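Sending over a structure as structure tokens; questions will come in a sec.
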Amino acid sequence: MTHSSPAALRLALRLAAPDTADALAERLRPDLLAALSNRFGLPEEMVEAVTGPGGAALRAALDAGPEAFLIRAAETGDPVIARALWKARYRPAPQQSRRARDLPDLLPAILRAADPTDPRWEDEDGLVPLLQDEASGFELLPALTGPFPQLLSFALVRLAPFLPLPAALDACVALVQLAGAEGLLAFADGVERAPDFDLGRPELLEVMRAAAADADPEAFLRERRPAGEWTDPAALRALLMVRNGADAVAKPAALDWDLVRREHARLPFETGRTGGRQSGNRLSQLTRWEGCPDDLVMECFRADPWRTSRGAAELPFEALVGPEAAAGKVPFGEVLGRSIRTGRLPVERVLAEVGPATEVLNALPYDHEPTRKALAGLLDRLGTDPVNWLTCYARMGRARGSVAELIDDAASAGSAKKRSTTWPRPLEAVLPATPPEASRAAFLSLFQCASEEAQIAVVPHFDPRAVQHLLVYGDPAPAVRDAVVAAHGVSAQAAQAAQAATTALSPEKLAYLLDLDEPQVDANLFFHRGIDQRERERMLAGRLRGGGTRTVPEELLNVLREAHLSHHRHWLIAGLDSGDLGVARTIVGRLKLRVPAARLRLLVAVWERGGPDAVREILAMDRLPLTLRRQTEKLLDVPDGLDRLRARLAAEEDPAKLLAFLNKAPGYDGDQASKLTGDGIPLPWPDLVAAHRSGTLAPSAAKDLAELADCPRELLLELLSSTPELGRSNLSWPQLALRRGTLTPEDVLNRAAPARQGLAHLLRLLNSADRQANQRAARQMDRQELRTRAAALTAEHLGSDPEAWAVCLQLLPTFAGTLTELFATAAAIVRPPA
């Protein structure tokens with residue numbers, strides 16, 4: 001045994017040349033059988049019986065999909081294998097969720113290959129008794145035409161009430177073929193004698209008795225079977241799954257909706273909720289299928305409007321204009337968008353007939369050009385008259401009619417209703433901005449479909465909240481934005497800047513706001529928007545984007561005073577080198593600087609910008625260590641005091657001193673590297689790389705440094721010689737570096753040790769489930785390129801000798817070197833130098 005992981009074994013077989021891989025698979029047959037047994041849920045001896053001899057067959061099984069392999073096993077006709085297959089069918093598939101697989105072709109394949117004369121099928125531990133104990137209703141469907149009379153009879157009793165008549169007659173034909181007229185008659189007698197048996201259709205027993213008495217029972221039954229009805233096994237299975245309340249039943253390719261209607265008339269699909277379970281609405285499953293007739297959809301809709309609206313593939317227009325929609329029982333947000341985009345609902349008719357207007361407007365797909373065009377045509381009626389627009393907004397909340405009716409009403413100057421000349425119920429902007437809701441959201445969407453001339457005419461009449469909504473959540477043209485600012489002033493720009501960090505703000509909009517150099521705009525961007533740390537440093541230094549400097553305004557200082565230190569400590573650290581007295585006072589008043597160098601950096605910056613008197617103000621706050629205050633006070637009246645303070649700072653930032661700080665054991669407040677970076681101290685990376693090489697950098701400190709985003713590639717390559725274990729997440733430093741692109745997969749291939757750890761990280765990278773998390777790494781080296789490089793490297797060292805490959809896998813769990821060294825070592829063991 002190699003004791004290597006199945007993933008490593010599978011990778012080796014994929015990297016080796018085909019002939020070599022076949023020989024290696026045969027050489028490692030026990031390992032492969034164990035891996036396949038675990039994958040397919042079958043005993044090893046069964047896997048071997050199904051795959052057959054030869055390494056090529058084993059490799060093919062390793063690459064086969066679980067469903068294909070299980071179907072192939074079913075076709076062997078072995079009753080022992082068949083029973084194991086039935087038990088294994090619900091094993092979770094690799095790389096999938098734990099939800100059971102549905103293998104509709106498995107039992108038909110088993111029954112087609114079965115020899116009914118073999119008694120093992122019906123023994124106490126055979127498949128037939130197991131199916132009678134475990135199989136659900138629709139799973140028994142293949143038994144109705146299978147080779148076992150006992151199982152067929154059992155399935156017919158279970159399924160007959162739910163079967164269309166043609167399918168029930170097909171089962172009777174199969175029973176006649178297996179057991180003759182006597183068997184058919186015995187079945188009918190048994191059903192009549194058993195009080196718990198009910199086929200759900202009394203006429204079926206009469207047909208059975210008549211057929212049994214006929215000279216040709218099979219022909220008798222076939223004559224009464226409607227031709228061409230329910231001949232598709234997939235359609236019949238889907239019907240029974242729906243009857244059984246199964247979730248997410250796939251629509252069969254061929255489905256006769258007239259036959260479904262007739263089955264619904266014979267035995268209605270449930271439309272209510274049974275026991276609080278949504279699956280009680282069997283009819284709702286049919287409405288999810290494309291092409292479901294409108295009458296069935298509407299029947300389901302009337303019983304459960306909300307869920308039918310959400311789930312139906314197509315919702316008839318009738319549902320959108322009925323009393324249920326007026327009562328708010330139709331989720332327009334989930335219906336209109338998808339139906340208008342696909343063309344199922346004509347947008348012109350929706351705008352003209354469906355209401356309430358506010359809900360319709362909030363549900364329309366505004367990224368759909370025909371929708372925007374249709375709205376723009378309606379809005380031409382409002383023109384550029386602000387009164388029309390203000391009236392439209394004022395009446396929007398109470399309007400129960402359609403969008404077209406709302407616009408016509410607002411544009412009608414002759415109406416007796418009161419018209420609005422100012423914004424109704426005005427509100428101030430809020431910080432941070434909150435998305436518009438209800439009428440405000442509907443009006444914003446409507447407004448942005450209007451002509452630019454209309455927008456420019458109306459924006460001066462907006463209230464502050466509407467201005468904020470337009471600038472933050474809308475996308476006004478530059479001319480409209482300029483009209484807003486001209487009418488509402490800097491407050492409009494400040495409101496636009498008051499966005500949460502998650503709000504999308506284009507680089508162009510952000511640059512526009514930053515270029516204003518307005519104190520309140522800067523403050524709002526600083527507080528509510530995740531701007532770059534360098535921009536924060538610029539603002540707290542008082543440097544203007546347009547050139548020159550200023551004293552940091554009170555608006556920005558207020559942001560620093562309100563910052564949550566647990567999350568936004570770096571906001572204050574951005575002002576460490578500012579020198580602005582207000583910034584420095586705020587930092588010292590709120591933060592406990594943990595590193596001596598950080599305190600000195602702040603004092604030096606304050607002296608350079610404000611002189612010794614500014615430093616005295618900081619010292620007078622009594623927030624710095626006593627020794628530092630006394631030492632600094634002695635320098636304030638000395639001619640070279642600033643130079644001497646700078647010298648002390650240089651001594652504190654000396655690489656040797658920072659190295660000693662990093663090597664200290666971490667405290668309760670985090671690791672030492674985070675303390676330095678958290679206090680804004682730049683790390684001396686070249687010296688830290690040299691310290692690692694010389695062995696003077698503590699391993700724990702090296703790990704902490706590797707997790708930093710700016711850790712240099714040079715140090716990461718050095719640290720790969722002791723690659724850490726791969727955890728369940730991608731938060732270990734090699735995975736972080738691969739994600740950032742600082743390390744490449746080839747670095748791991750050539751430098752990571754021990755080899756098993758490097759392989760684990762590469763397998764994580766190659767795993768499609770982690771593809772999104774490793775997008776940057778994928779840009780550095782394509783996944784296929786990595787496979788090509790690995791294949792070339794293994795071919796170079798291991799060649800076509802399967803023994804060398806086997807030794808490589810055997811060494812992998814304990815080998816201390818890199819993967820490249822592992823390949824070379826395995827080759828040297830098998831082919832020692834002469």
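Just so you know, these numbers come straight off a predicted model, no measurement behind them.
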* To do: Compute the ring centroids of Trp423 and Phe443, then answer whether they are less than 6.0 Å apart.
  => yes
* Asked: Side-chain donor-acceptor pair under 3.5 Å between Arg419 and Asn388, yes or no?
  -> yes
* Asked: Looking at Asp409 and Arg381, does any basic side-chain N land under 4.0 Å from a carboxylate oxygen?
  -> no
* Asked: Taking the six-membered ring of Phe138, is NZ or CZ of Arg243 closer than 6.0 Å to its centre and within 45° of its axis?
  -> no
* Asked: Salt bridge check: are Arg262 and Glu229 linked by an N-O gap of less than 4.0 Å?
  -> yes
* To do: Run the salt-bridge test on Arg209 and Glu206 with the 4.0 Å N-O cut-off and return the result as yes or no.
  => no
* Asked: Would you call Arg440 and Asp463 a salt bridge, taking side-chain N to carboxylate O under 4.0 Å as the test?
  -> yes
* To do: Measure from the side-chain N and O atoms of Ser402 to the backbone N and O of Ala352, and report whether any donor-acceptor pair falls under 3.5 Å.
  => yes
* Flag for Tyr512-Gln493: side-chain donor and acceptor within less than 3.5 Å -> yes
* To do: Measure from the ring center of Phe462 to the ring center of Phe447 and say whether it is less than 6.0 Å.
  => yes
* To do: Give, for atom CZ of Arg338 and atom CD of Glu314, the distance between the pair rounded to the nearest 0.5 Å.
  => 10.0 Å
* So does Asp367 pair up with Arg372, basic N to acidic O under 4.0 Å? -> no
* Asked: Rounded to the nearest 0.5 Å, what separation is found between the SG atom of Cys292 and the CH2 atom of Trp257?
  -> 4.0 Å
* Asked: Is it true that the side chains of Gln285 and Arg288 contain a donor and an acceptor less than 3.5 Å apart?
  -> yes
* Measure the spacing between OG1 of Thr287 and CZ of Arg310 and express it to the nearest 0.5 Å. => 13.0 Å
* Euclidean distance, Leu205 CG relative to Leu199 CG, rounded to 0.5 Å -> 5.0 Å
* Asked: Short question: side chain of Thr434, backbone of Val430 - any donor-acceptor pair under 3.5 Å?
  -> no
* Structure fact -> d(Asn244 CG, Arg237 CZ) to nearest 0.5 Å is 10.5 Å
